[in-house]
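Below you'll find the structure, written out as structure tokens, and then a few comments.
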Amino acid sequence: MCGIVGYVGDDTAGQIVHGGLENLDYRGYDSAGMALLGDDGLTITKREGEVSNLSVPTVTGATCGIGHTRWSTHGPPTDTNAHPHTGMSDDIAVVHNGIIENYEELRATLVADGHEFTSETDTEVVPHLLERELDDGRDLRAALESAVAKLEGSYAIATVCADTDRIVATRHESPLVVGHDDDAAFLASDVTAFVEHTRDVTYLEDGDIVTLADGDATVYRDGEVVDRPIDTVEWDATAAEKGGYDHYMLKEIHEQPTALRQALSGRIDLDRGTADLDLTFPAGFLDSLDEIQFVACGTSFYAAEYAAQLIESFADVRATAELASEYTVDGGGDPRRTLTVAVTQSGETADTLGALRRANGGGIRTLAVTNTLGSTVTRDADDSLFIRAGPEIGVAATKTFASQVTTLALLSVFVAQERNALSAADARDVLTDLRGLPGAVQQVLDDAGDVREAATAFVDASAYFFVGRAHGYPVALEGALKLKEIAYDHAEGFAAGELKHGPLALVTEDTPILAVLTEGTRPEETLNNVAEAQTRGAPAIGIVDGSVETNSLDTAFSVPSLGPVTPLVANVYFQLFAYAIAKQQGRSIDKPRNLAKSVTVE
Ligand code: AGP
């Protein structure tokens with residue numbers, strides 16, 4: 001949620017900050033604003049709505065500026081609640097991501113001291129606190145250090161002040177990254193903001209204070225300068241552009257074959273029948289495990305559910321997937337014989353990080369499975385495994401789901417082999433199926449026109465029900481989530497057998513049933529459940545692979561059989577279906593209402 005941008009350099013800060021905000025508006029698009037420091041002091045401009053509503057003011061000599069795009073938590077999306085926020089005067093401007101939990105108490109103290117507030121946000125306490133610190137004679141860096149010591153909650157904060165030609169920023173449980181160019185320094189909550197200018201980045205750590213001045217960045221810790229490594233981002237700006245597609249989501253759906261190749265690259269040895277992951281666990285640790293717990297949210301949770309099934313079937317170990325926001329370590333087994341795997345595309349989801357910290361606190365070894373180098377999850381977990389999907393801009397996750405399941409399938413084989421639970425021959429079968437994924441997904445993508453045409457008949461449906469068994473069940477849940485997110489229509493995913501235990505009451509001729517009917521998902525039984533819905537008038541669409549006779553379906557789409565990962569290929573039809581429905585309804589597909597790509601509040 002929310003995006004921060006900062007720039008200090010020789011170029012016109014207004015254009016660069018605005019460009020950065022445009023690159024980041026998938027993080028939140030309720031309102032946007034910027035503060036530019038020019039020859040005549042600070043100019044602040046902010047506007048409700050998307051970044052495109054915000055015009056760049058003409059500010060002479062502006063070579064320093066900060067900007068923000070917001071996903072509202074405290075206070076509705078209005079011009080007044082938009083960031084940057086100021087204190088009693090307009091000489092200081094602050095942008096903030098996260099939530100300041102003790103803001104009511106701080107606000108009351110400040111009001112008692114005579115401070116007047118204009119917005120309903122939690123953020124506004126920060127510039128007022130800074131004013132107080134500056135009045136006490138501190139410079140901006142010391143003032144920020146002292147002000148944030150009073151905050152509880154999570155934050156990334158950047159500030160500029162009228163009489164100091166610099167940006168000062170800090171983070172606590174909210175991402176912040178610095179970009180280094182020859183004569184410029186950048187700041188952002190996500191490298192996407194400035195990757196068109198530089199790929200050399202420093203990921204800040206919690207508690208770091210960074211100063212951007214004279215085109216350079218200096219990181220401080222407890223008042224002392226510290227060295228932080230400079231990493232090079234592997235992808236460039238074109239990876240974060242639409243590339244001729246109408247929406248990022250459609251581009252990312254079509255990028256799946258490439259993303260899957262990247263996820264698999266160098267990780268399969270078919271001769272030996274092994275999954276080669278760059279992971280080292282203590283000797284005997286995987287072998288002695290009683291349980292693997294996955295924690296995740298949303299789409300990542302469905303990937304985790306898929307993975308838990310794969311691990312149980314390959315690795316002969318209990319595996320569970322828990323919603324991160326519900327996860328507790330109480331009542332679990334021996335922490336020394338448990339592995340908790342946090343699955344998160346962004347690596348910044350607060351609920352998932354919270355669960356990971358609870359696991360760490362309970363003495364459990366942890367592993368992060370993520371798309372994002374340098375993200376918080378990679379620091380908090382004992383080990384990290386990257387899904388290598390490349391940047392995903394569409395708020396609705398598509399290619400990252402495919403890359404998550406694929407990477408987790410590799411992990412399942414890896415764990416199984418460490419536990420001697422899977423023979424090389426059986427592993428080779430699974431790995432061969434995984435190798436077939438990019439081509440199989442491409443076949444589905446080649447069918448996109450047929451899905452678009454078929455979807456036309458269902459665009460006015462009153463609800464959509466997705467059903468599946470075994471690996472088809474998480475895919476049904478994911479199919480329904482995509483439709484909800486981007487079409488704003490009622491859609492639910494059910495374990496196919498559950499339909500008759502209640503949901504069948506919702507079924508009418510206006511509620512299409514979309515079913516996964518592929519090998520390994522008990523398609524005969526699911527087909528019976530589909531028939532029960534058809535008897536009540538529901539049209540039925542099935543994703544089939546020839547493993548059962550499916551003439552009774554109203555519409556069928558075929559996928560090649562790839563053993564346990566066939567439902568992952570079926571999911572691509574669901575993605576295309578959701579996209580086609582949302583497109584025909586003219587929805588805001590890349591930036592669905594009320595949502596943001598990364599949810600950094602609990
Ligand atoms: C997916 O389409 C959603 N936008 C959402 O459910 C997402 O998967 C969830 O918020 C978790 O995000 P993460 O993978 O970055 O942790």
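Residues take their numbers from the sequence shown, with the count starting at 1. Just so you know, ligand 1 is whichever comes first in the structure, and atom 1 is the first atom listed for that ligand.
No N or O atom of Gly347 sits closer than 3.5 Å to an N or O atom of ligand 1. The shortest N/O to N/O separation between Lys597 and ligand 1 does not fall below 3.5 Å. Polar contact check, Ser346 against ligand 1: a nitrogen or oxygen pair lies under 3.5 Å apart.
By the 6.0 Å and 45° rule, Arg593 stacks over the aromatic ring of Tyr488. Both cation-pi conditions hold for Lys242 and Tyr248: the charged atom is under 6.0 angstrom from the six-membered ring centre and inside a 45 degree cone around its axis.
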Inset, instruction - Please lay out, stage by stage, how Arg357 and Glu173 fare under the test salt bridge (Lys or Arg N to Asp or Glu O under 4.0 Å). - result: CA-CA 12 Å; Arg357 286 176 191 139; Glu173 296 179 5; 3.6 Å; yes

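Heavy atoms of Glu348 found under 4.0 angstrom from ligand 1: none, in either backbone or side chain. Counting heavy atoms under 4.0 Å from ligand 1, residue Lys482 touches it through the side chain alone.
Atom 10 (O) of ligand 1 has Val599 CG2, 4.4 Å as its closest protein atom, hydrogens excluded (heavy atom only). Nearest non-hydrogen protein atom to atom 12 (O) of ligand 1 is Thr349 OG1, 3.4 Å. Closest to atom 11 (C) of ligand 1, if we only count protein heavy atoms, is Cys297 O, 3.4 Å. For atom 3 (C) of ligand 1, the closest non-hydrogen atom on the protein side is Glu485 OE2, 3.1 Å. Atom 14 (O) of ligand 1 has Ser300 OG, 2.5 Å as its closest protein atom, hydrogens excluded (heavy atom only). The protein heavy-atom contact nearest to atom 7 (C) of ligand 1 is Thr299 N, 4.1 Å.
Distances below 4.0 Å separate heavy atoms of Ala397 from the following atoms of ligand 1: 1 (C), 2 (O). Close approach of ligand 1 to Ala396 (heavy-atom distance below 4.0 Å) involves ligand atoms 2 (O). Every atom of ligand 1 with a heavy atom of Gln345 under 4.0 Å away is listed here by number and element: 13 (P), 14 (O), 15 (O), 16 (O).
Ring centroid separation for the pair Phe494 and Phe466 does not come in under the 6.0 Å cut-off.
In plain terms, the two heavy atoms of Ala491 and Ala480 that are nearest each other are CB-O, 3.6 Å.
The existence of a salt bridge linking Arg318 and Glu291 is confirmed by a sub-4.0 Å separation between a basic side-chain nitrogen and an acidic carboxylate oxygen. A salt bridge links Glu392 with Lys597; the closest basic N to acidic carboxylate O contact falls under 4.0 Å. Ion pair Arg171/Asp208 not flagged as a salt bridge, since none of the NZ, NE, NH1 or NH2 atoms sits closer than 4.0 Å to an Asp/Glu carboxylate oxygen.
No side-chain heavy atom of His74 sits less than 4.5 Å from a side-chain heavy atom of Thr123.
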